[in-house]
**Student:** 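Okay, here's the structure, questions in a sec.
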Amino acid sequence: MEKSLILIKPNAVQRGLIGEIIARFERKALHVTGLKMIQLDDALLNEHYAHLRERSFFTILKESMMVAPVVAMCVEGLDAVETVRMMVGATNSRKALPGTIRGDFSMSGEQNVIHASDSVENALIEVKRFFNEGELFEYQSAVTSFEYGGEEKARM
Ligand code: UDP
Ligand code: MG
């Protein structure tokens, strides 16, 4: 099943939004298969945000990601990566549509409450970056038949 890596950022942890954000993914019927709180460090952020290292805000961004712990989460579902990105909304929260997590919970392009993998390829790398094998769980969902149709289940 397709996996996506989510980080509930320090600004969301500070603002008491952990529960509301996790609840959105559960209500969507994405399955939580990994969940933990961790303190990020400079080395991990250099890797995670390598695509932004030339940007003016790189150091400020990394600092903002270390001021408090993050909640790392792995969710699974059919087309999970694309679905999660749609739920998260545009990078600049002021441009993110109402109904999306950033659109509903943030006014900032930087302090935008959540990270989510942007492609299936990156999701594979990011899930491995934040979770050891023993921290991810495979379990039979009791309600999959009520969450997906027959043709969809054949793709899972
Ligand atoms: N970011 C920022 N200013 C920008 C672009 C990005 O502060 O102009 C921050 C923001 O916190 C964003 C993170 O850098 O979530 C990673 O940027 P990316 O382009 O990967 O956006 P995302 O995938 O998070 O939507
Ligand atoms: Mg990104």
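As the structure lists them, so they are numbered: ligands from 1, and atoms in each ligand from 1.
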**Student:** Hydrophobic cluster mates of Leu61, side-chain heavy atoms under 4.5 angstrom, ILVMFWY only, any path?
**Tutor:** Leu5, Leu7, Ile38, Leu40, Leu44, Leu45, Tyr49, Leu52, Phe57, Phe58, Met65, Met66, Val70, Val127, Phe130, Phe131, Leu136
**Student:** For the residue pair Arg53 and Asn46, establish whether any side-chain heavy-atom pair is separated by less than 4.5 Å.
**Tutor:** no
**Student:** Between Ser106 (side chain) and Gln111 (backbone), is there a donor-acceptor pair under 3.5 Å?
**Tutor:** yes
**Student:** Listing request: all salt bridge (charged side-chain N to carboxylate O under 4.0 Å, His left out) pairs with a residue in residues 85-113, at least two apart in sequence or in separate chains.
**Tutor:** Arg24-Asp104
**Student:** What pairs meet the ring-ring contact (aromatic ring centres under 6.0 Å, His included) rule with one or both residues in residues 105-124, with sequence neighbours excluded?
**Tutor:** His48-His115
**Student:** Evaluate side chain to side chain donor-acceptor pair (under 3.5 Å) for Glu26 paired with His31, printing each intermediate quantity in order.
**Tutor:** CA-CA 7 Å; Glu26 281 197 300; His31 297 171; over 6 Å; no
**Student:** Select all protein residues for which some heavy-atom-to-ligand 1 distance is less than 4.0 Å, and list them by chain and number.
**Tutor:** Lys9, Tyr49, His51, Leu52, Arg55, Phe57, Leu61, Arg85, Thr91, Arg102, Gly109, Glu110, Asn112
